[in-house]
Amino acid sequence: MILAFIAVDQAAGAFIYYFFTRQVSGEFAVANHVVYNLNEDVLILGSSRASHHYNSSHIKDGLKLSCFNGGRDGEGILYSTGIFELALQRHIPKVVILDVNSDVLTEKEDEKNKLSILLPYLKQSDVVANMIVKKGKLELLKSNLQTYRYNGQLFSIFQHHFLSSGNTVMGFNPLDNKMDAGRSFSRSSSLKPYADNISADNVDALNLFITECKRQKIQLFVFVSPRYNDDTKLNSYLKLKSICNSNEVVFHDFTNDVFFKNAAYYSDRAHLNSRGADLYTDTIVAFMKKRLTPAVNGQYLSENETQADEN
């Protein structure tokens, strides 16, 4: 009886995995590209503010480097580090943009609970297994059931395989609505300044991310992209800056950039709309051009010289 159950579970898991890896739209299609098909020069990772703020085509045109946006709504540094480790098994990008919130290192229990979305990739990386354990000691045991790894995702998997017509442009997912400035929240944070607790797991994940970039000779840019309200008065933010500075990682915070305090650029107080995203992407392209390492910058200059000769 038990052997029959295991056989059915294994067969069902293989069946679901087939369709899981062939989704043509949705967040898992973006993640699957990063894990299985990444071949771009520039990889963008982070939360919803990554997926909605960085126009991949503008980066490609501006830097003359291919680009893919692997940001995912609602996820933090644990997910970004896990998916990055998976990506590195197949491809080494030249540049990585890590978009972070100011609270990226703050202890948040729900962040660990969301790590189940990495379960389909479990056997491909020990780092992913280490991330999953953070959700709970029994999580790895339950994940021995192949079907458990897709728990709650079946409808989405088949929907994004059969019913969707295509994915966003190079992972970028623009927001088209405009924030109502009259009903928007105050720019001032309601949280007590520097009252957050630092997560050791998140700190370890950020350090691992940076270490991997150094080991693979990937140029890393860490950005805090614009938001309508200021939320930088956090212990997490201070720790983030300290880690980046001590590792000589290029870090820049656009939170208080006055150019992006225009409500017309926002979909809500935390997210730029498509107009704001295009303006912001052009801003970071100009910023990056001045700071690309000789190896990456050499390719950028070579591409431009080739185009100039053709013209």
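Here the two rings, on Phe28 and His160, have centers that are 6.0 Å apart or farther. The ring of Phe19 has its center closer than 6.0 angstrom to the ring center of Phe162.
Using a 4.5 Å heavy-atom threshold, the side chains of Arg72 and Val30 count as separate. The shortest distance between side-chain heavy atoms of Gln89 and Ser125 falls below 4.5 Å. The side-chain heavy atoms of Lys233 and Tyr237, taken from C-beta on, include no pair separated by under 4.5 Å.
Geometric assessment of Arg269 against the ring of Tyr266 yields a negative cation-pi assignment under the 6.0 Å and 45° thresholds.
Other residues, nucleotides and ligands contribute only 12 or fewer heavy atoms inside 6.0 Å of the NZ atom of Lys60. The environment of Lys239 atom NZ is sparse: at most 12 non-hydrogen atoms of other residues, nucleotides or ligands sit within 6.0 angstrom. Residue Asn39 places its CG atom among more than 12 non-hydrogen atoms of other residues, nucleotides or ligands, all under 6.0 Å distant. Heavy-atom neighbours of Lys241 NZ from other residues, nucleotides or ligands within 6.0 Å: at or below the threshold of 12. More than 12 heavy atoms of other shown residues, nucleotides or ligands fall within 6.0 angstrom of atom NZ in Lys142.
With hydrogens and angles ignored, the 3.5 Å screen pairs a side-chain donor or acceptor of Ser56 with a backbone N or O of Met170. A side-chain donor-acceptor contact under 3.5 Å links Thr281 to the backbone of His53. Remark: side-chain polar atoms of Tyr79 are not paired, donor with acceptor, to backbone N or O of Leu118 under 3.5 angstrom.
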Notebook entry, point to check: Could you go step by step and tell me if Asp201 and Lys112 meet the salt bridge (Lys or Arg N to Asp or Glu O under 4.0 Å) rule?
Noted result: CA-CA 10 Å; Asp201 289 333; Lys112 296 175 183 177; 3.0 Å; yes
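One distance of note links CD1 of Ile77 with OG of Ser199; it measures 10.5 Å at 0.5 Å rounding.
Applying the under-4.5 Å side-chain rule to Ile, Leu, Val, Met, Phe, Trp and Tyr, the cluster around Leu138 extends to Leu141.
In terms of the side chain to side chain donor-acceptor pair (under 3.5 Å) criterion, Lys114 has no residue partners (sequence neighbours excluded).
Applying the side-chain contact (heavy atoms from CB on, under 4.5 Å) test between Leu206 and each of Ile210, Leu208, Asp204 identifies Ile210 as the sole match. Applying the ring-ring contact (aromatic ring centres under 6.0 Å, His included) test between Phe20 and each of Phe15, Phe158, Tyr150 identifies Tyr150 as the sole match.
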